[in-house]
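Before I ask anything, let me first share the structure, which is written out below as structure tokens.
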Number of protein chains: 2
Amino acid sequence: MNPIGNLNKIFESRIRLGVMSILMVNSEVNFNDLKQMLEVTDGNLASHLNTLEENGYIKVYKGFIGRKTNTTYAITTSGEKAFKGHLTALEHMIRFTK
Amino acid sequence: MNPIGNLNKIFESRIRLGVMSILMVNSEVNFNDLKQMLEVTDGNLASHLNTLEENGYIKVYKGFIGRKTNTTYAITTSGEKAFKGHLTALEHMIRFTK
DNA sequence: TTTAGTAGCTTTGTATTGCAAAGTGCTTTT
DNA sequence: AAAAGCACTTTGCAATACAAAGCTACTAAA
């Protein structure tokens, strides 16, 4: 296998990378917090969250705080696996390329 | 600064990432070897090498082996710095995002 | 009760990028 | 002489990325 073959195409985007790393250490984060942490427009964030969800890497919880809508996002076990896999692929690429 | 702010946009591409990591450990690599290592089409590789060069991250040596052209690529000190910077930004993003 | 604001989107439109494929000029191999 | 390889450039298309605007369903302020 070539050195870049195990890199995950989904994680070529910094915003998706950022979402994943935030969700690796925070079990649940809502839309607005993600938006502020990453400093992106809401439309842009929504579309990236969408592709992460389509790939089964995050799951979405639509809930309420009182009577106000509150959408939170969490990483799935498959997402965790994929992200870790990507990171080790990165490491291998950097360390063992010869 | 937000967690993705220090990631280098140039290194969002796996091919460019691959080139850089190859050139981090191999002082000079020619076009064809890069092409085979990364398993990409020559046109595609050429364009990625071009953006890396335009950004001053690699330098190009056009030489000959006998009378046959031989182009080799090497990382620049600025490229090394940028790449290392990207890697530490990645690490920080992953470890300290909170 | 109008007005304004917030959350979390979707839609629209544009600009950028990624890529394969084909073409180029040279050289080497057969 | 024909075929193939090297290191590209050009062409053209398809897939992103992104901002901005619109939209829904609320809540809060005046």
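A, B, ... follow the sequence lines: proteins, then strands. Residue 1 opens every chain.
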Mark yes or no for whether A:N55, through its side chain, and A:T51, through its backbone, hold a donor-acceptor pair below 3.5 Å.
-> yes

When rounded to the nearest 0.5 angstrom, what distance separates CG in A:N32 from OG1 in A:T71?
-> 10.0 Å

Regarding A:N8 and A:Y57, is there a side-chain donor-to-acceptor distance under 3.5 Å anywhere?
-> yes

Looking only at heavy atoms, what is the nearest atom pair of B:R16 and B:I10, with distance?
-> NE-O, 2.7 Å

Specify the residue among A:S13 and A:F64 whose closest nucleotide of DNA chain D lies further upstream toward the 5′ end.
-> A:S13

Under 4.0 Å protein heavy-atom contact, by nucleotide of nucleotides 2-10 of chain D - B base, S sugar-phosphate only = ----SBBB-

Its 5'-most and 3'-most nucleotides having an atom under 4.0 Å from a non-hydrogen atom of chain B, DNA chain C is contacted over C:dG18 to C:dT28

Please work out whether the ring planes of B:F11 and B:F83 are parallel, tilted or perpendicular, with thresholds of 30° and 60°.
-> perpendicular

Under the 3.5 angstrom rule, does the side chain of B:N26 hit a backbone N or O of B:E28 as a donor-acceptor pair?
-> no

Have a look at A:H48 and tell me which of A:I15, A:V19, A:L38 forms a side chain to side chain contact (heavy atoms under 4.5 Å, CB included) with it.
-> A:I15

What heavy-atom pair brings B:T76 and B:K59 nearest, and what distance separates the two atoms?
-> CG2-N, 3.8 Å

Which part of the nucleic acid, if any, lies within contact of A:L45, taking any heavy atom under 4.0 Å across all strands shown: a base, the sugar-phosphate backbone alone, or nothing?
-> nothing

Whole angstrom is fine here: how far is it from CZ in B:R14 over to P in D:dA15?
-> 16 Å

